[in-house]
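Quick note on labels: first sequence line is chain A, next is B, and so on, each numbered from 1. Since we're looking at a predicted model, the values are computed, not measured.
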There are 2 protein chains.
Amino acid sequence: MDRGRAEVLAPLLKALADPVRLRLMSLIACHTSAEACVCDLTPAFELSQPTVSHHLKVLHEAGLVERERRGVWIYYRLHPRASRVLDALSDLDATVGASR
Amino acid sequence: MDRGRAEVLAPLLKALADPVRLRLMSLIACHTSAEACVCDLTPAFELSQPTVSHHLKVLHEAGLVERERRGVWIYYRLHPRASRVLDALSDLDATVGASR
DNA sequence: GGTCTATGTTGACAGACGTCTATGTCTCGG
DNA sequence: CCGAGACATAGACGTCTGTCAACATAGACC
């Protein structure tokens, strides 16, 4: 892996390297129609709404989730390529799990 | 992904979410016998030796690399499960690359 | 228009992180 | 046993990160 790839990959991993954001990705993926609004997601955490909003922004800026406003609600959806990212994370999880 | 898995996976991703550490992993993997000492790795970066040592420590504490002293040198080797981690990273890299 | 509800933004703060210099530790050769 | 080389550790420093309370924005409904 050359320097360029490392510097592209690192910010992506950084965006994923937080338990709240990992669960957000997972919750969105498993939600009905594979999309969810903030009011669906916030109750899953013992965090304030602005904090959840902040994490969603980080995921959005990393290109992992998309936003769409429909009426009062803003729906979050996984970016198409994020599914493959989640697959890779499953492999990681399995690898970690296998050593426990 | 439940809370437990997220909190196990996040620190692992955190350890990987740094361009220097990604390149360290890659350099070790591609080196002769798949192991390398610090004096092999340091010249690849414009960083001080203690800084490289610090990053190796982070990787070691995350369970991604192993250490072995042989004489004056300390050789670093990828932990067996780290190969699968690198595979997953390749998928990530390909996914990111495909969208450019 | 006014008000309510859903969400984003700002500013502040403690703690973590990446980097350096200085110093310590361990090993080998003489 | 002493000096040199390879590496780790400690401490300091600026920056980034996660969190919150307070405020701003934007749509919906009366």
- Between residues 50-65 of chain B and DNA chain C, which residues have a heavy-atom gap below 4.0 Å? B:Pro50, B:Thr51, B:His54, B:His55
- Item | Qualifying residues under side-chain contact (heavy atoms from CB on, under 4.5 Å), relative to B:Ser26, sequence neighbours excluded | A:Met1, B:Cys30
- Query: Counting distance only, does the side-chain N/O of B:Arg23 pair as donor-acceptor with the main-chain N or O of B:Ala44 below 3.5 Å?
  - Reply: yes
- With sugar-phosphate meaning primed atoms plus P, OP1 and OP2, does B:Tyr76 contact a base, only sugar-phosphate, or nothing at under 4.0 Å between heavy atoms? sugar-phosphate
- Item | Spacing of B:Leu41 atom CG relative to D:dA8 atom P, expressed in whole Å | 10 Å
Under 3.5 Å, which protein N or O atoms sit close to an N or O of nucleotides 3-6 of chain D? Give each pair with its distance.
none

- Query: Which pairs pass side chain to side chain donor-acceptor pair (under 3.5 Å) with one or both residues in residues 32-45 of chain B, sequence neighbours excluded?
  - Reply: B:Glu35-B:Arg70, B:Glu35-B:Arg77
- Could you work out the complete set of other residues in the hydrophobic cluster of A:Trp73, with links drawn between I, L, V, M, F, W and Y side chains under 4.5 Å apart? A:Val72, A:Tyr75
- Working to the nearest 0.5 Å, report the span between CD of A:Glu7 and CG of A:Asp2. 9.5 Å
- Item | Derivation and outcome, side-chain contact (heavy atoms from CB on, under 4.5 Å), residues A:Leu9 and B:Leu16 | CA-CA 9 Å; A:Leu9 203 46; B:Leu16 291 168; over 6 Å; no
- Task: Could you check A:Gln49 against A:Gly71 and say which one's nearest nucleotide on DNA chain D is further toward the 5' end?
- Result: A:Gln49
- Note on the structure: Rounded to the nearest 0.5 angstrom, the CG-CE distance for B:Asp18 and B:Met25 is 12.0 Å
- For B:Arg69, which residues count as a side-chain contact (heavy atoms from CB on, under 4.5 Å) partner, sequence neighbours excluded? B:Ile74
- Task: Answer whether the closest heavy-atom distance between the side chains of B:Tyr76 and B:Leu27 falls below 4.5 Å.
- Result: no
Side-chain polar contacts of residues 52-67 of chain B - donor-acceptor pairs under 3.5 angstrom, sequence neighbours left out - could you list them?
unit_1  : atom_1 : unit_2  : atom_2 : d
B:His55 : ND1    : B:Arg21 : NH1    : 3.1
B:His60 : ND1    : B:Val65 : O      : 3.0

- Item | Residue pair A:Leu89 / B:Leu13, side-chain heavy-atom distance below 4.5 Å | yes
- Query: Would you say a side-chain N or O of A:Ser48 is under 4.0 Å from OP1 or OP2 of D:dT19?
  - Reply: no
- Message: Please give me the minimum heavy-atom distance between B:Ser83 and B:Pro80, naming the atom from each residue.
- Response: OG-O, 3.1 Å
- Boundaries of the chain A footprint along DNA chain C (any atom under 4.0 Å from a heavy atom): C:dA6 to C:dT9
- Message: Please list, in numerical order, the residues of residues 17-36 of chain A that have a heavy atom closer than 4.0 Å to any atom of DNA chain D.
- Response: A:Asp18, A:Arg21
- Excluding sequence neighbours, so at least two apart, what forms side-chain hydrogen bond (donor to acceptor under 3.5 Å, both in side chains) with A:Thr51? A:Ser48
